[in-house]
Peer 1: 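One structure follows; several queries about it will come next.
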Amino acid sequence: MNIYDIVFYLFAAITLVSAFFVVTTRNIVYSAFNLLFTFFGVAGLYVLLGADFVAVVQIMVYVGGILILILFGVMLTNKITNVQIKTGTLQVIPAVIGVLLLAGVLIFKVFLGTEWKSVKTDIPVKTTAFALGKLLITDYVLIFELLGILLLVVLIGAATIARREK
Amino acid sequence: MYNLLNNLIGNDYLAAVVAALLPLFVFILPYALMAVLAERKVSAFMQDRLGPNRLGGKYGLLQTVADILKLFQKEDIVASEADKKLFNIAPVLVFTGTYAAFAAIPFSGAYIGSDIDLGLFYIVAISSLVVAGILMGGWASNNKYSLIGAMRSAAQIVSYEIPTALVILAMVMVTGSLNLREISEMQTAYIWNWNIFGGAFSGIEKFLLIPFMLISFVIIYISTLAEVNRVPFDIPEAESELVSGFHTEYSGMKFAMFFLSEYANMFAVSAVVTSLFFGGYQSPFGYLGNTLGISWLVPLEQLFWFAAKGLFFVFVQMWLRWTLPRLRVDQLMTVCWKYLIPYAFVNLIIVGLITLL
């Protein structure tokens with residue numbers, strides 16, 4: 001077990017444990033803050049896979065953007081911790097069938113059926129940013145431009161909603 | 001630096017840990033001690049007072065050490081209605097976010113914590129941990145002043161990240177690199193190679209770039225000032241309205257950690273500005289070590305220049321703090337969304353066109 005394995009298991013443990021608390025805790029603020037550690041752990045796993053750009057984008061977009069937005073929403077809501085999150089057991093048989101089907105597909109088709117490529121390499125020292133940038137403006141330029149238009153539409157929509165009617 | 005430590009210690013993991021802790025113990029802690037004192041002295045001189053002058057000679061040099069010793073002995077108070085877990089994690093998270101940014105900052109040609117190619121992008125991203133920590137501390141205190149302070153702080157930091165990122169994008173266009181060490185290396189030799197003077201270009205391009213570099217510098221300096229919650233952008237801890245914002249309920253060492261990360265953050269943003277525009281660790285003229293032929297002197301000189309430039313911008317931040325009144329919340333958002341962001345966008349487009357020439 002070398003240092004790479006130790007770091008991998010550390011990040012994997014952070015991700016899994018915090019993700020478990022995100023779904024089990026009753027306090028919605030705790031869920032939001034646990035989500036921070038889940039995102040952080042996933043970013044660490046990306047780094048270990050050599051995807052440095054994706055890792056930094058993960059922190060930038062999810063921690064810096066989405067998580068802060070969630071926290072804002074949660075904190076601006078008055079007495080959010082007093083809300084009773086209703087949990088109970090309904091419709092046992094359809095639920096069991098659905099879960100079993102999904103788990104079966106995941107385990108037998110996806111997990112066991114995929115040919116996992118495990119080639120032992122070092123973590124690349126060069127950044128992947130240049131290759132990703134080249135791909136974005138050559139092969140995937142249409143998707144890139146369409147996403148830009150989509151984001152512009154979202155921005156204009158948000159500004160229209162935020163602006164008060166005169 | 002890492003190789004030197006590795007030879008010295010003999011164990012590569014231990015050497016990595018020591019190399020990672022070096023900036024904290026060699027630079028940030030002594031710097032924060034002196035910066036707190038400097039802030040009090042600067043404010044005193046600007047207001048025609050004496051400032052701390054009892055301990056450590058005429059200039060009160062040991063005042064902060066005494067303050068830290070006092071904070072160590074203070075009782076660790078957690079309000080009974082506060083959320084204890086989050087309340088205790090928040091200062092650690094804020095300090096982690098601040099200190100993590102130092103990993104990609106080149107202190108000299110021989111020392112950079114992590115020489116990654118995405119350094120600048122990483123610094124922008126990891127600073128968001130600070131926002132999460134501030135929100136956590138403000139909410140866990142269970143106090144309306146703290147919560148309002150935290151919300152204001154987060155809204156401000158998130159807004160001002162946009163002009164910062166736009167200017168950084170323009171600088172990436174000019175230099176073609178996200179690695180702060182490489183950007184510093186490009187501004188080597190003499191003062192006119194610094195990016196603020198048009199960078200290492202030659203001919204007409206350089207003269208076309210100079211005015212836009214100045215605009216970029218002003219935009220990024222204003223917005224980083226807002227990101228570290230300093231006056232005139234300190235409405236998150238506006239004393240006259242919010243006691244002291246998100247850290248109202250904190251005492252003892254946890255308060256000291258917020259304080260330390262505030263000062264460390266001030267230096268971090270100054271260091272980024274320095275590396276982007278003012279040559280980073282490069283000397284404005286040649287090195288004494290090169291002239292005398294002593295090669296080990298050059299990295300030390302570089303460390304001196306880096307610290308001197310960074311501390312100068314920290315001093316300017318203090319200078320502004322004791323000169324300007326604070327902005328109102330609506331003025332703060334107007335400055336960001338109606339002025340800085342459009343200017344930064346126009347600047348980005350023009351700089352892009354010039355670099356295409």
Side-chain angles (χ1 to χ4, degrees), chain A residues 2-4 6-7 21 25 27-37 39-40 43-44 46-47 50-81 123-133 155 159 162, chain B residues 11-13 16-17 81 83 85-86 89-90 93 96-97 100 104 114-140 142 144 146-148 150-155 157-159 161-162 165 172 176-179 182 246 333 337 341:
Chain A
N2 56 14
I3 192 100
Y4 182 95
I6 296 172
V7 175
F21 280 118
T25 182
N27 187 332
I28 196 161
V29 178
Y30 281 10
S31 292
F33 280 120
N34 273 310
L35 204 56
L36 170 76
F37 295 99
F39 289 148
F40 186 73
Y46 282 140
V47 171
D52 56 346
F53 189 77
V54 182
V56 181
V57 169
Q58 161 88 13
I59 292 180
M60 181 106 184
V61 172
Y62 285 94
V63 178
I66 291 174
L67 185 81
I68 302 296
L69 210 65
I70 292 175
L71 282 174
F72 251 84
V74 166
M75 286 179 181
L76 280 176
T77 314
N78 194 24
K79 299 205 172 146
I80 189 106
T81 47
I123 299 176
V125 183
K126 278 303 290 175
T127 174
T128 51
F130 297 109
L132 281 175
L155 267 178
Chain B
N11 182 330
D12 32 336
Y13 300 142
V17 171
E81 288 293 307
D83 192 309
K85 269 184 250 163
L86 295 183
I89 299 171
L93 196 63
T96 312
S114 172
D115 194 7
I116 45 173
D117 286 328
L118 290 174
L120 203 47
F121 192 32
Y122 161 81
I123 291 173
V124 175
I126 204 80
S127 321
S128 51
L129 276 184
V130 177
V131 187
I134 287 174
L135 277 175
M136 191 188 271
W139 187 82
N142 201 3
K144 51 189 160 211
S146 301
L147 184 60
I148 294 172
M151 298 299 255
R152 282 184 181 184
S153 178
I157 296 174
V158 169
S159 307
E161 255 175 16
I162 302 168
V172 171
S177 170
L178 275 165
N179 186 334
E182 273 175 24
F246 61 89
M333 288 298 159
W337 292 95
I341 291 179

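Below, chains carry the letters A, B, ... as their sequence lines are ordered, and counting in each starts from 1.
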Peer 1: Using non-hydrogen atoms and a 4.5 Å limit, figure out which bit of Ile116(B) sits close to chain A: side chain, backbone, both or neither.
Peer 2: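 Neither part.
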
Peer 1: Chain B heavy atoms under 4.5 Å from Ile59(A): which part of the residue, side chain, backbone, both or neither?
Peer 2: both

Peer 1: Check each atom of Ala155(B) against the heavy atoms of chain A and say whether the ones under 4.5 Å are side chain, backbone, both or neither.
Peer 2: both

Peer 1: Quick check on Leu178(B) against chain A: is it the side chain, the backbone, both or neither that has a heavy atom closer than 4.5 Å?
Peer 2: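 It is neither, since no heavy atom gets under 4.5 Å.
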
Peer 1: Taking everything shown except Phe72(A) itself, do over 12 heavy atoms lie less than 6.0 Å from its CZ?
Peer 2: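 It does: Phe72(A) CZ has more than 12 such atoms within range.
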
Peer 1: How close do Leu118(B) and Ala129(A) get, counting heavy atoms only, and between which atoms?
Peer 2: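 Result for this residue pair: CD2-CB, 3.9 Å.
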
Peer 1: Contact part of Val61(A) toward chain B, heavy-atom cut-off under 4.5 Å: side chain, backbone, both or neither?
Peer 2: neither

Peer 1: Under 4.5 Å from any heavy atom of chain A, what part of Val131(B) do you find: side chain, backbone, both or neither?
Peer 2: both

Peer 1: Tell me, side chain or backbone of Phe33(A) under 4.5 Å from chain B's heavy atoms, or both, or neither?
Peer 2: side chain

Peer 1: When rounded to the nearest 0.5 angstrom, what distance separates CD1 in Ile126(B) from CZ in Phe40(A)?
Peer 2: 5.5 Å

Peer 1: List in chain and number order the residues that pass ring pair (Phe, Tyr, Trp, His ring centres under 6.0 Å) with Tyr62(A), two or more places apart in sequence or in another chain; answer none if no residue qualifies.
Peer 2: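 Result, ring pair (Phe, Tyr, Trp, His ring centres under 6.0 Å) vs Tyr62(A): Phe39(A).
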
Peer 1: Rounded to the nearest 0.5 Å, how far does CG of Leu36(A) lie from CG of Leu93(B)?
Peer 2: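 The CG atom of Leu36(A) is 6.0 Å from CG of Leu93(B), to the nearest 0.5 Å.
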
Peer 1: Considering only heavy atoms, which portion of Phe53(A) lies under 4.5 Å from any heavy atom of chain B: side chain, backbone, both, or neither?
Peer 2: both

Peer 1: Taking C-beta and beyond as the side chain, do Leu86(B) and Val29(A) meet within less than 4.5 Å on heavy atoms?
Peer 2: yes

Peer 1: Could you tell me which non-hydrogen atom of Gly64(A) sits nearest to which non-hydrogen atom of Ser128(B), and how far apart they are?
Peer 2: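 Heavy atoms only, the tightest pair is CA-CB, 3.3 Å.
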
